[in-house]
Amino acid sequence: MNDITMLWTAAYIAMLAAFTGYVVISRVPTILHTPLMSGSNFIHGIVLVGAMIALGLATTPLEQAIGFVAVILGAANVTGGYVVTERILQMFDRSGRKQKEGGPR
Amino acid sequence: MTDFSWVIDPVYIATIFFFIIGLQRMSHPLTARSGIVWAGVAMLIATLVTFLTPGLTNFALIAIGIVIGGGFGYIAAKRVAMTGMPQMVALFNGMGGGAAACISAIVLLGTVNATSSLAVTGGIIGAVSFAGSIIAFLKLQGWMRPRPITFPGQQGINTLVLALALITGSFLVLHPAGIPATIGLNLPLFFLLALLFGVLMTLPIGGADMPVVISMFNAFTGLAVALDGFSFATPNFAMVIAGIIVGAAGSLLTLNMAKAMNRSLTNVFFGAFGATEEEGVQIQGSMKPVEVDDVAIMLAYADKVIIAPGYGMAVAQAQQKVKELTDVLERRGIQVKFAIHPVAGRMPGHMNVLLAEAGVAYDHLFDRDEINLEFTGTDVVLVIGANDTVNPAAHRQGSPLFGMPVLEVEQAKNVIVLKRGQGRGFAGIENDLFYRDNTRMLYGDAQETVGKLVQALKKL
């Protein structure tokens, strides 16, 4: 594929992905806004994959240094984003179980 | 060695599929927790399979970087208290933006081709998101004054910095000969300007608007990641799609939050909310303090009590005591409801999370619009550490809060405000509610005070 075809392919993909993101979020109740913001924060942690590739293909020391920083930052984004989201959602889970154990009031 | 790189694309496709499923599950309370696990497993596999990328070297550096960054992220996220979650989201989002900016820099240092304009755009967005998120983090963490920081000619300077960043960026695209001197000078300048703009655009934003800003930077980082993914010589579509999904979802989330606060985005970024005080308004009346025992009696003989929590409850970690108070009151046959303002706390849903942690059932929590119809017939409203979200000044034209939908607690027969001191709310605006005839102030640490209330009620 040449660059122009590539650009249009990307545009098609971008359009569909944007629509997907919009639709998935539009049904979310207010109470889940915080975990969801955190969850989408985790998902853009896929930047780690890009950082790994950038560092892995780096040749000069400067590129390696920047790539190393990118991997550190990306890895922190992924793990931190996951743990924060997990911790927030855990509370919803626990309270749900408590409710069931307590039975109807 | 056998070439296993053919598995990369199928795995990336599966990753995207699970990300979408994960997000969808996260949008319902019952399936939310499994949602993040789906996304997490997908992310882990995507990371592992990336090691198979053809031509990849520096494996040791990659592994060390993952251990350092991952270790920091894990420990920081595990150790922080629930009240600190909003700034952690800001911090980790900023790091993602920083990673995206670094990737752009590497792409721009390498062979320049038709897609370098994408790397430049990704770089500027990533750098702005990084710098802005760090400022948001510092403000929320209290390591920096949360009030808006303004100075004369601010918007002119901001625009100038952005324009300079764009100009240096376009030089990077237009002079692709790869002349080391040009790149060597322009590239650092470009990123410095982008970082500076990120700092400058966040400085005038007040603490009350931070959730909106964090959400927007979250969308920014998503977009930067997508642009970076496409700027590679071999485009990485996992990054492109995941990034765009976050960009779109984050933008919608940002607009929803702004709408919940009745603030337009222009207002958020240029309004310097809370920086200016309205003049010529004299609040009538005085603040009237009250004792715990009197409040306990008032509660004991009420038919219906509504609790309106705010950030103060989160700071004092009072949610457990509040749950006890609810139980004590309900045992006496008193109806207890919670009034949840969508932006109470530092993030939408903050209160829901804390109350869920303490074990308060979902069916006790009511949205602003729902509960506003009920205050008129309510005997006692307990305002626990909320301020701006219950400020009737929002109904008065000219107030900086004007137009923001608030909890109309002042319509109840009695309003008890639990508050640490006489200070103002996060928005820095005087609260009319505290001076109303039917309002009493109960000063002290929320956790301690609610604990005393529970004890007093048990004795009655």
Side-chain angles (χ1 to χ4, degrees), chain A residues 3 10 13-14 17-18 20-22 24-25 27-28 30-31 33-41 43-58 63 66-86 88-89 91-93 95 98-99, chain B residues 19 23-24 26-27 29 32-33 36 40 46 50 53 56-58 61-62 65-66 68-70 72-74 77 88-89 92-93 95-96 98-100 102-103 105-106 109 114 215 218 221-222 225 228 230 238-239 241-242 244-246 248-250 252 342 347-349 352-353 356-357 359 361:
Chain A
D3 282 349
I13 292 174
T20 309
Y22 185 90
V24 170
I25 292 291
R27 297 187 217 128
V28 172
T30 325
I31 57 159
H33 275 178
T34 304
L36 196 81
M37 191 203 282
S38 182
S40 57
N41 181 30
I43 284 179
H44 70 51
I46 191 83
V47 73
L48 173 61
V49 164
M52 288 166 67
I53 296 172
L55 173 56
L57 302 180
E63 286 177 3
I66 301 175
F68 186 59
V69 174
V71 170
I72 291 177
L73 292 174
N77 183 179
V78 170
T79 44
Y82 185 86
V83 174
V84 167
T85 314
E86 224 271 333
I88 296 176
L89 288 175
M91 295 175 173
F92 285 86
D93 194 46
S95 79
K98 258 185 205 166
Q99 247 174 297
Chain B
F19 278 172
L23 271 181
Q24 199 178 32
M26 266 187 259
S27 65
R33 195 158 171 217
I36 185 67
T50 303
T53 307
L56 211 68
T57 54
N58 301 328
L61 270 182
I62 294 177
I66 290 179
I68 295 176
F72 167 78
Y74 183 83
M88 290 319 277
V89 176
F92 294 130
N93 176 57
M95 295 185 133
C102 289
I103 295 172
I106 294 174
L109 282 170
S215 173
N218 189 32
T221 306
V225 171
D228 277 349
F230 195 66
M239 286 171 73
I241 298 173
I244 297 269
I245 288 176
V246 173
L252 184 61
M347 269 200 173
N352 305 71
V353 169
E357 179 192 22

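Just so it is clear: chains get the letters A, B, ... in the order the sequence lines come, proteins before strands, and each one is counted from 1.
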* Asked: Is there a donor-acceptor contact under 3.5 Å from the side chain of B:N58 to the main chain of A:L55?
  -> yes
* Find out whether B:M26 and A:L89 are in side-chain contact, i.e. whether some heavy atom of one side chain is under 4.5 Å from a heavy atom of the other. => yes
* Asked: Closest approach of A:A70 and B:A99, non-hydrogen atoms and distance?
  -> O-CB, 3.5 Å
* State the CD1-CD1 distance between B:I103 and A:I53, to the nearest 0.5 angstrom. => 8.5 Å
* Distance (rounded to the nearest 0.5 Å) between B:I36 CD1 and A:T85 OG1 -> 4.0 Å
* Most contacts with chain B, counted as non-hydrogen pairs under 4.5 angstrom, among A:I46, A:V83, A:L36 -> A:I46
* To do: Answer whether the closest heavy-atom distance between the side chains of B:L61 and A:V71 falls below 4.5 Å.
  => no
* Structure fact -> Counting heavy-atom pairs under 4.5 angstrom with chain A, the leader among B:N218, B:T50, B:T57, B:L23 is B:N218
* **Heavy-atom pair of closest approach, residues A:V84 and B:A77** => CG2-CB, 3.8 Å
* Looking only at non-hydrogen atoms, find the nearest pair between B:V246 and A:S40 and report the distance. => CG2-O, 3.5 Å
* To do: Taking the side chain as every heavy atom from C-beta outward, state whether B:R33 and A:E86 have any atom pair closer than 4.5 Å.
  => yes
* Hey, could you give me the OG1/CZ distance between A:T79 and B:F72, rounded to the nearest 0.5 Å? => 9.0 Å
* Identify which part of B:A105 has an atom lying under 4.5 Å from any heavy atom of chain A, answering side chain, backbone, both or neither. => side chain
* To do: Using non-hydrogen atoms and a 4.5 Å limit, figure out which bit of B:T53 sits close to chain A: side chain, backbone, both or neither.
  => side chain
* Asked: Can you find a pair of side-chain heavy atoms, one from A:I43 and one from B:I245, that are under 4.5 Å apart?
  -> no
* Asked: What closest approach, in Å, do B:G98 and A:L73 show between heavy atoms, and which atom pair accounts for it?
  -> C-CD1, 3.6 Å
* Asked: Where does A:V47 contact chain B at under 4.5 Å (heavy atoms): side chain, backbone, both or neither?
  -> both
* Asked: Side chains of A:I72 and B:M95: closer than 4.5 Å at any heavy-atom pair?
  -> no
* Using a 4.5 Å cut-off on heavy atoms from C-beta on, say whether the side chain of A:M37 contacts that of B:N93. => no
* **Contact check, side chains of B:I68 and A:F68, non-hydrogen atoms, under 4.5 Å** => yes
* Asked: So which of A:G50, A:A54, A:G81 has the biggest tally of heavy-atom pairs under 4.5 Å with chain B?
  -> A:G50
* Asked: What part of A:I66 gets closer than 4.5 Å to chain B, counting heavy atoms only: side chain, backbone, both or neither?
  -> both
* Heavy-atom pair count under 4.5 Å with chain A, highest-scoring of B:A248, B:G250, B:S215, B:G65 -> B:G65
* **From CD1 (B:I66) to CG (A:L48), nearest 0.5 Å** => 5.0 Å
* Asked: Are A:L57 and B:I106 close enough, and set up right, to give a side-chain contact (heavy atoms from CB on, under 4.5 Å), and what steps lead you there?
  -> CA-CA 10 Å; A:L57 302 180; B:I106 294 174; over 6 Å; no
* Asked: Top residue by heavy-atom pair count (under 4.5 Å) with chain B, among A:G45, A:G74, A:G39?
  -> A:G45
* Asked: Within a strict 4.5 Å, meaning less than it, do heavy atoms of the A:N41 and B:T221 side chains meet?
  -> no
